[in-house]
Amino acid sequence: MNHQPEITDCTATITATRPLGGGVTLISFHCPDIAARALPGNFVNIKISTSSQPLLRRPFSIHNVEGETVEIMAKNIGCATSMLCGTDEGASMQMIGPLGNSFTTSTPSFSTAILVSGGIGTAPMRLLERQLRKESRHVVHMIGGRTAEDIHTTGLTNIEQATDDGSAGFRGTVVELLESRIEDLEAQGPLKLFACGPDPMLKALAGFARQRDLPCEVSMETVMGCGIGICYGCLVEVKEESGNATTSILLCQDGPVIDASRLIL
Ligand SMILES: Cc1cc2nc3c(=O)[nH]c(=O)nc-3n(C[C@H](O)[C@H](O)[C@H](O)COP(=O)(O)OP(=O)(O)OC[C@H]3O[C@@H](n4cnc5c(N)ncnc54)[C@H](O)[C@@H]3O)c2cc1C
Ligand code: FES
């Protein structure tokens with residue numbers, strides 16, 4: 001994992017919004033200092049309103065960067081995300097970023113990258129795909145959701161889908177889809193897995209990666225207060241980098257990306 005970059009606290013103006021269905025909105029912010037340093041896996045922490053409701057900033061993965069603009073994909077699940085998804089172009093919000101570490105793409109040990117995501121966990125995959133393609137890797141997306149409505153593919157290429165109800169692609173979980181395809185994929189050359197999604201999906205994937213001895217990095221989520229290492233609200237228990245002893249890390253600083261071998265299954 002690459003470490004946390006220099007961060008900026010700025011006023012970011014919304015330049016475009018696009019509803020994608022399933023309660024998800026693609027939102028573009030003009031914030032040149034953050035756009036210039038964003039790496040795949042980084043996130044931003046946004047103060048949605050100038051009032052005390054909601055009081056705390058909310059974290060969102062950086063979905064894409066275009067020039068001086070940072071794009072996020074926000075899913076409406078509560079107070080802050082409902083306000084954010086309903087805000088029009090021209091509004092401004094306080095934004096800190098880029099935050100957190102980033103996925104490690106530069107290791108020479110793989111030729112095919114499998115990007116496994118579930119639900120809104122697809123958000124960081126666009127910037128990651130762009131970086132991997134710059135490095136001439138072959139990229140395959142495996143995207144899972146409960147139904148077709150949960151699957152978002154904006155800006156992504158070479159996608160395989162899995163849904164619990166079979167309404168799009170493979171019927172089953174995205175990890176079961178990967179299991180069904182792994183021999184074909186391994187025949188194409190050395191693999192590395194990159195993932196973001198709900199904890200049960202990440203744990204199932206980490207177990208699979210361990211069984212097959214595949215390198216795998218996962219981006220985790222937890223509730224965050226400050227995003228910058230002050231509140232200790234994002235402590236998660238993981239394994240030490242070597243051995244089986246456990247330790248606590250601050251996900252906003254030592255994550256959100258960790259090696260899957262550190263997940264406690
Ligand atoms: C590093 C990181 C990156 C993220 N990237 C994205 C992204 O790209 N797009 C996106 O839509 N969301 C993302 N999230 C989640 C997003 O921050 C939360 O959905 C948001 O904070 C919810 O705020 P709210 O006020 O709308 O909901 P709240 O009213 O705070 O919560 C509504 C319900 O959702 C639960 N909840 C809140 N946050 C989370 C969470 N992180 N995981 C699971 N359950 C939660 C609450 O416990 C509650 O039950 C990310 C979170 C992290 C930590
Ligand atoms: S969110 Fe405050 S310390 Fe990590």
Item to check | Pairs where residues 9-58 contributes a residue and the test ring pair (Phe, Tyr, Trp, His ring centres under 6.0 Å) is met, not counting sequence neighbours | outcome: none
Next on the checklist: My understanding is that only residues two or more places apart in sequence, or in another chain, count here; which of them pass ring pair (Phe, Tyr, Trp, His ring centres under 6.0 Å) with Phe170?
Outcome noted: none
Next on the checklist: Checking Glu176 now: which residues fulfil salt bridge (charged side-chain N to carboxylate O under 4.0 Å, His left out) with it, not counting sequence neighbours?
Outcome noted: none
Item to check | For Leu250, all residues meeting side-chain contact (heavy atoms from CB on, under 4.5 Å), sequence neighbours excluded | outcome: Tyr232, Cys234, Leu235, Gln253, Asp254
Item to check | Any pair counted as ring pair (Phe, Tyr, Trp, His ring centres under 6.0 Å), so long as it reaches residues 113-168, sequence neighbours left out | outcome: none
Item to check | For Thr163, all residues meeting side-chain contact (heavy atoms from CB on, under 4.5 Å), sequence neighbours excluded | outcome: Ile151, Asp165, Ser167, Ala168
Checklist entry - If you look only at pairs with a residue in residues 141-160, which of them pass as a salt bridge (charged side-chain N to carboxylate O under 4.0 Å, His left out), with sequence neighbours excluded? => result Arg146-Asp150, Glu160-Arg181
Checklist outcome for this item: Minimal heavy-atom distance between Leu263 and Ile258, with the atoms involved, is CD2-CD1, 3.9 Å
Item to check | Residues forming a salt bridge (charged side-chain N to carboxylate O under 4.0 Å, His left out) with Arg133, sequence neighbours excluded | outcome: Glu129
Checklist entry - Could you state the interatomic distance from OG (Ser61) to CE (Met73), rounded to the nearest 0.5 Å? => result 9.5 Å
Checklist outcome for this item: Hits for salt bridge (charged side-chain N to carboxylate O under 4.0 Å, His left out) against Glu183, two or more places apart or cross-chain, chain-then-number order -> none
Next on the checklist: Restricting to ring pair (Phe, Tyr, Trp, His ring centres under 6.0 Å), what partner residues turn up for Phe194, sequence neighbours left out?
Outcome noted: Phe103, Phe110
Item to check | side-chain contact (heavy atoms from CB on, under 4.5 Å) partners of Ser28, counting only residues at least two apart | outcome: Thr15, Ala16, Thr69, Glu71
Checklist outcome for this item: So the salt bridge (charged side-chain N to carboxylate O under 4.0 Å, His left out) pairs with at least one residue in residues 40-57 (sequence neighbours excluded) are Asp9-Arg57
